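Reading through the C-alpha cells given below for one structure.
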Amino acid sequence: MSSTFVPLYTWSPAFTYGMYAFFCILAALFVWKLVPETKGKTLEDMTALWRNRQK
C-alpha cells in the first residue's frame, strides 16, 4: 500500500481514497460472510467447523 499511495495520490486523490475504501469494504464483506466466529470455541470445535464447511 505505501508504495502505491504516493503515485496514485499525485495522479488523483479522490480515486486513491476511493480505491482504498473499496478494498476495505470488500475485505469487511469477506470477513463478515466467510470467516466463522471463533470466540469461546476450542481447537477441536474449530476443526469440526472447518470439516463441516468443506462438505
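Just so we're clear, the structure is a prediction, and the values are computed from it rather than from any experiment.
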Say whether V35 and W32 are linked into one hydrophobic cluster, either directly or through other cluster members, by side-chain heavy-atom distances under 4.5 angstrom. no

Joint hydrophobic cluster, F22 plus Y17, side-chain heavy atoms closer than 4.5 Å: yes

Treat each ILVMFWY residue as a node, draw an edge where side-chain heavy atoms are under 4.5 Å apart, and state whether V31 and Y20 are in one component. no

According to a 4.5 Å side-chain heavy-atom criterion applied to Ile, Leu, Val, Met, Phe, Trp and Tyr, with indirect links allowed, do M19 and V6 form part of one hydrophobic cluster? yes

Name the orientation class of the two ring planes belonging to F5 and Y9 (parallel below 30°, tilted from 30 to 60°, perpendicular beyond 60°). parallel

Starting from F23, can I reach F30 by hopping between I/L/V/M/F/W/Y residues whose side chains sit under 4.5 Å apart? no

